[in-house]
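Heads up, the thing below is written out as structure tokens.
The structure presented is a predicted model; accordingly, all values stated were derived computationally and were not measured.
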Amino acid sequence: MASSGVRNGGPRMSAKLDRQGAGATPKAAAGKQRLSSAAGAYRRTNSGPLPAAGGRASSGGVSSRVRVAVRLRPRNAEELAADADFGDCVELQPELKRLKLRKNNWESETYEFDEVLTEFSSQKRVYEVVAKPVVESVMEGYNGTVMAYGQTGTGKTFTLGRLGEEDTAARGIMVRAMEDILADIAPETDSVSVSYLQLYMEMIQDLLDPVNDNIAIVEDPRTGDVSLPGATVVEVRDQKSFVDLLRVGEAHRVAANTKLNTESSRSHAILMVNVRRSVKGRSEMDVSISGENGHSLSMMGSLRPPIIRKSKLVVVDLAGSERIDKSGSEGHTLEEAKSINLSLSALGKCINALAENSPHVPVRDSKLTRLLKDSFGGTARTSLVVTIGPSPRHRGETTSTIMFGQRAMKVENMVKLKEEFDYKSLCRRLDIELDKLIAENERQRKYFDDEVERMRAEAQCRIAEAERECKITLENEKMKYHQEYLDSIKVLEEKWKTHQKSPKRQIKEAESTSSDIREAHNLLQDEKMLRQSAEDEASDLMNQITHWKKLEATATAEVVKLRKMLDTEASQKEKLEEEIGVLRSQLLQMSMEADETRRSLDKGDGPGKIFPGLDSLASQTGSSQPREHSNGPKQPIAKLSEQVGLQKILSLLESEEPDVRVHAVKVVANLAAEEANQEKIVEAGGLTSLLVLLRSSEDETIRRVAAGAIANLAMNETNQDLIMAQGGVTLLSMTASDAEDPQTLRMVAGAIANLCGNDKLQTRLRGEGGIKALLGMVRCGHPDVLAQVARGIANFAKCESRAATQGNKVGKSLLIDDGALPWIVKNANNEAAPIRRHIELALCHLAQHEVNSKDIISEGALWELVRISRDCSREDIRMLAYRTLTSSPTLQAEMRRLGIKM
């Protein structure tokens with residue numbers, strides 16, 4: 001009987017390119033989409049280069065045929081011995097790109113492929129021929145697929161997934177493709193993220209998170225795009241971290257020993273690489289504000305919103321097709337073989353339908369064909385490598401593989417460029433510029449008001465001074481002339497009296513008097529002239545006064561104009577306040593819709609599931625289970641975030657109105673459920689605001705939603721460090737001790753459980769009371785709360801086991817020190833499957849460390865381990881328990897003492 005197990009490393013060269021696979025993730029069935037695209041655009045075979053990155057593809061796309069290469073594996077040691085007297089069943093003509101398949105010694109059939117790779121072709125040559133054109137298309141903004149198909153043991157995994165740690169020349173397509181992608185991106189503006197999955201027994205399982213073992217496929221009814229929102233997505237910054245991810249995923253992939261292959265893959269492996277690139281300088285937009293006088297006031301010149309290109313590279317390592325009589329599969333391995341052959345058969349039917357232009361393509365016959373919908377007949381550029389062996393004993397399987405490749409060459413895809421404008425970045429820039437303009441306007445208005453006041457005060461002072469000087473001058477001149485007049489009259493009177501006494505003398509004096517009169521007349525003339533001069537000077541002063549009064553009137557008119565401008569700005573401010581009120585009402589409406597959605601989701605969710613739909617509509621796209629309404633139009637919460645702005649939404653968390661604060665925290669929690677928003681929320685200070693709410697608020701709803709938002713943010717390793725640094729575990733522990741509501745406890749337990757999965761935070765988490773808080777929440781007894789507690793304990797135990805294996809931890813488990821073992825033993829056989837699964841995992845991880853063995857025995861956990869190794873429904877947990885029992889000397893001695901046999 002073939003024994004199945006978990007793959008713990010790549011295949012060795014001694015198996016002669018065992019499992020060489022060039023993975024591609026084509027979507028074998030784009031039936032409806034293919035028909036619609038055929039009706040809208042003329043399709044022709046085009047295996048040449050795609051459009052340049054600078055141009056944008058039309059709505060109909062560009063036709064591109066699936067390219068197929070064939071690769072021959074050299075004979076292995078078994079075939080060299082068994083087939084020594086027989087020739088190879090195939091003959092390669094690489095210079096003509098042909099392959100001859102021998103039926104017998106006299107007859108043969110010739111097939112042409114895009115590339116023919118001999119058994120001596122290097123891994124570098126295979127990559128450049130099969131995958132490099134697809135990778136280059138992905139970097140230009142197109143989706144791409146590389147896939148390997150062939151009989152088991154013909155070298156598919158060697159071609160695709162070889163890590164090349166011992167020999168760099170043996171690196172497979174996955175490693176080489178990531179090297180080219182990382183070399184071509186700009187780290188400051190571009191990003192690369194990966195997911196690694198396996199399709200095992202018609203269940204999509206996460207190779208980076210084995211607990212996530214049944215991921216749902218979500219299809220957009222409008223575009224037909226297929227996505228896996230429940231899969232783990234890890235951002236890649238360097239080649240080493242990517243190779244580490246491949247090593248982790250390969251260790252969790254299911255493999256078995258068969259007659260055809262000592263390490264035969266029992267699942268289809270799928271690597272998804274998402275590339276997000278920013279393209280600058282492609283478009284620009286002028287933004288201006290019209291003033292009162294109709295002139296355009298430039299705000300900030302030319303704004304150029306960046307263009308974002310989103311593309312995806314899918315590498316698929318298909319499990320090998322096999323005949324039961326040759327592979328010797330039986331028992332569970334036989335069931336695995338049936339599942340593999342059924343999915344490959346469904347893929348072949350789809351390829352046949354597409355090659356024959358059939359009106360119906362059976363895409364939904366298998367999850368494999370649904371996942372590869374975009375790769376065959378869809379919008380991705382697809383490259384397929386079919387791997388064959390030389391042995392004449394497997395001529396039938398070789399013929400089937402060649403015919404599959406021939407049919408695939410007839411399939412045409414309509415590749416499309418995936419790019420969009422980054423309007424969110426533009427909105428942020430506009431907000432900053434608007435704030436600057438408002439501040440500058442207020443500064444100028446204040447300066448103008450001060451200048452007007454200064455000019456008015458100066459004019460008034462000068463007018464008053466001129467009036468005062470004029471008055472003083474007139475008074476002095478009047479007094480002077482009046483005094484001179486009196487003096488002249490007095491002199492004349494005295495002379496007249498004197499002349500009356502003597503007539504002769506009078507006559508004589510009359511002559512002198514006439515001269516005096518003439519002199520007086522001249523003096524009067526001079527006085528008139530002086531008076532006229534004084535009047536002219538007074539007139540000049542009056543003109544100056546009139547001029548200053550006109551200046552004052554002009555200043556007054558300008559003040560009136562400024563007041564009108566201020567009134568206009570006040571009315572604009574009132575309009576803005578009305579718009580803010582409308583936005584606030586929209587916020588309240590969206591929050592109420594989120595409440596309704598949360599209640600509907602809470603009715604449908606299973607126990608232990610906390611993160612999908614945390615009072616949110618945004619969670620509909622982040623949930624790991626399919627929901628029909630999640631594929632509809634864009635969610636109201638996302639629209640509201642784009643219209644209002646994240647910073648303004650976060651500011652509402654500090655509102656004095658309780659209802660506004662409640663709805664605002666719900667919207668933030670909805671946004672936090674989507675991974676794309678988490679980094680923006682943290683950068684905008686959302687994490688700090690949520691922790692402040694958790695510390696200060698007494699409202700149970702706010703505490704529950706805030707804890708759920710923190711749980712979503714805690715799924716990111718960077719955010720976990722920030723939560724610990726800001727005392728988040730202490731706040732969560734305090735909330736756990738005070739809260740009685742099961743939903744609040746579920747959110748708090750989920751947040752702590754996420755933190756338990758970080759190896760670096762183990763000691764700090766325990767020191768700040770995280771484990772005590774988890775164990776304290778079991779008082780609630782609610783199944784959902786218990787499921788999160790069990791998940792946290794399992795994560796913590798797994799990290800401890802890994803640290804002990806690596807030599808980074810010595811001594812007894814911190815879980816045992818905090819008294820978690822009795823509760824683990826008590827709930828190891830819980831009726832709820834999520835609780836039982838996590839508890840079984842935790843118990844197995846604790847028992848792997850020999851120093852914990854005495855506590856395991858004393859608390860009665862040994863019997864539970866024996867039960868798990870025999871009766872657990874999960875094969876991986878059952879095998880883990882078995883290996884743990886057989887590898888521990890202390891547990892083995894106790895089992896012999898008790899008479900327990902494995």
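For the pair L765/C756, a side-chain contact is recorded, criterion being any heavy-atom separation below 4.5 Å from C-beta on. Between I270 and L371, the closest side-chain pair of non-hydrogen atoms falls below 4.5 Å. The shortest side-chain heavy-atom distance between S267 and M201 does not fall under the 4.5 Å cut-off. Within the 4.5 Å cutoff, side-chain heavy atoms of V211 are placed close to those of R837.
Side-chain contact, S366 with E202: a donor N or O sits under 3.5 Å from an acceptor N or O. Judged by distance alone, the side chains of N413 and S64 never bring a donor and an acceptor atom under 3.5 Å apart. Using modelled atom types, one finds no donor on one side chain facing an acceptor on the other under 3.5 Å when comparing S311 with N143.
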Legend entry - Residues L347, L318; criterion side-chain contact (heavy atoms from CB on, under 4.5 Å); working and verdict: CA-CA 11 Å; L347 177 60; L318 294 174; 4.0 Å; yes
Inset, instruction - Assess whether side-chain contact (heavy atoms from CB on, under 4.5 Å) is satisfied between T145 and V134, documenting all intermediate values. - result: CA-CA 7 Å; T145 300; V134 178; 5.9 Å; no
Inset, instruction - Could you go through the salt bridge (Lys or Arg N to Asp or Glu O under 4.0 Å) check for R364 and E219 one step at a time? - result: CA-CA 12 Å; R364 298 188 174 275; E219 183 174 349; 3.0 Å; yes
Legend entry - Working for side-chain contact (heavy atoms from CB on, under 4.5 Å), residues L313 and V275: CA-CA 8 Å; L313 172 64; V275 181; 5.9 Å; no
Inset, instruction - Starting from the C-alpha separation in whole Å, work towards a yes-or-no answer on side-chain contact (heavy atoms from CB on, under 4.5 Å) for I217 and V226. - result: CA-CA 7 Å; I217 300 176; V226 173; 3.3 Å; yes
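The main-chain N or O of L671 is found under 3.5 Å from a side-chain atom of N677 such that the two form a donor-acceptor pair. Side-chain atoms of S383 come within 3.5 Å of backbone atoms of V130 as a donor-acceptor pair (strictly under, hydrogens ignored). Side-chain atoms of S191 do not come within 3.5 Å of backbone N or O of P187 as any donor-acceptor pair. Looking only at distances, a side-chain donor or acceptor of S689 sits under 3.5 Å from a matching main-chain atom of G685. Side-chain atoms of Q678 come within 3.5 Å of backbone N or O of N712 as a donor-acceptor pair. Proximity of a side-chain donor or acceptor of T168 to a complementary backbone N or O of G164 within less than 3.5 Å is not detected. Of the possible polar contacts, one joining the Q720 side chain to the A714 backbone as a donor-acceptor pair under 3.5 Å is found. Using a distance-only test at 3.5 Å, with no hydrogens or angles considered, no donor-acceptor pair links the side chain of Q788 to the main chain of A749. The backbone N or O of L207 sits less than 3.5 Å from a side-chain atom of H252, completing a donor-acceptor pair.
Summarising the local packing, CD of E683 is surrounded by more than 12 heavy atoms from other residues, nucleotides or ligands at distances under 6.0 Å.
Judged as a salt bridge (Lys or Arg N to Asp or Glu O under 4.0 Å), and not counting sequence neighbours, the contacts of D213 are R874. In this structure N719 satisfies the side-chain hydrogen bond (donor to acceptor under 3.5 Å, both in side chains) test with no other residue, sequence neighbours excluded. The side-chain contact (heavy atoms from CB on, under 4.5 Å) test applied to A408 returns V68, I351, F376, L384, not counting sequence neighbours. Annotation: side-chain contact (heavy atoms from CB on, under 4.5 Å) contacts of T718 (sequence neighbours excluded): N716. Judged as a side-chain hydrogen bond (donor to acceptor under 3.5 Å, both in side chains), and not counting sequence neighbours, Q762 has no contacts. In this structure, the side-chain contact (heavy atoms from CB on, under 4.5 Å) partners of V129, at least two apart in sequence or on a different chain, are E115, R125. Remark: T688 pairs with Q726 by the side-chain hydrogen bond (donor to acceptor under 3.5 Å, both in side chains) rule, at least two apart or across chains. Not counting sequence neighbours, the partners of N274 by the side-chain contact (heavy atoms from CB on, under 4.5 Å) test are S193, K312. Residues meeting the side-chain hydrogen bond (donor to acceptor under 3.5 Å, both in side chains) test with E136, sequence neighbours left out: none. Residues that satisfy the salt bridge (Lys or Arg N to Asp or Glu O under 4.0 Å) test with K680, not counting sequence neighbours, are absent from this structure.
With rounding to the nearest 0.5 Å, the separation of CZ in F796 from CG in D759 is 10.0 Å. Separation of atoms OG1 (T189) and CD1 (I308) is listed at 8.0 Å; rounding is to 0.5 Å.
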Listed pairs under 3.5 Å, donor-acceptor, residues 176-185 side chains, sequence neighbours left out:
residue, atom, partner, partner atom, Å
R176, NE, R171, O, 2.9
R176, NH2, A169, O, 3.0
E179, OE1, R171, NH1, 2.7
E179, OE2, R171, NH1, 2.4
D180, OD2, Y127, OH, 2.5
D184, OD2, R277, NH1, 3.3

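For the pair R253 and D317, the salt-bridge criterion is met [side-chain N within less than 4.0 Å of a carboxylate O]. Checked for salt-bridge contact, D190 and R276 miss the test: no charged N lies under 4.0 Å from a carboxylate O.
Considering every non-hydrogen atom in both S241 and V236, the closest pair reads OG-CG1, 3.9 Å. What you find for A794 and H838 is that their closest heavy atoms are CB-O, 3.4 Å. When all heavy atoms are compared, the tightest approach of L228 to I204 is CD2-CD1, 4.0 Å. Between H268 and A319, the shortest heavy-atom distance links the atoms ND1-N, 2.9 Å. Minimum heavy-atom separation, Y142 to L417: CE2-N, 3.6 Å. Among all heavy-atom pairs drawn from P834 and A787, the shortest one is CB-CB, 4.4 Å.
With N758 as the partner, the side chain to side chain contact (heavy atoms under 4.5 Å, CB included) test is satisfied by one option alone out of R764, E717, M724: E717.
Pairs engaging residues 229-243 under the salt bridge (charged side-chain N to carboxylate O under 4.0 Å, His left out) rule: E235-R237, K240-D244 [sequence neighbours left out].
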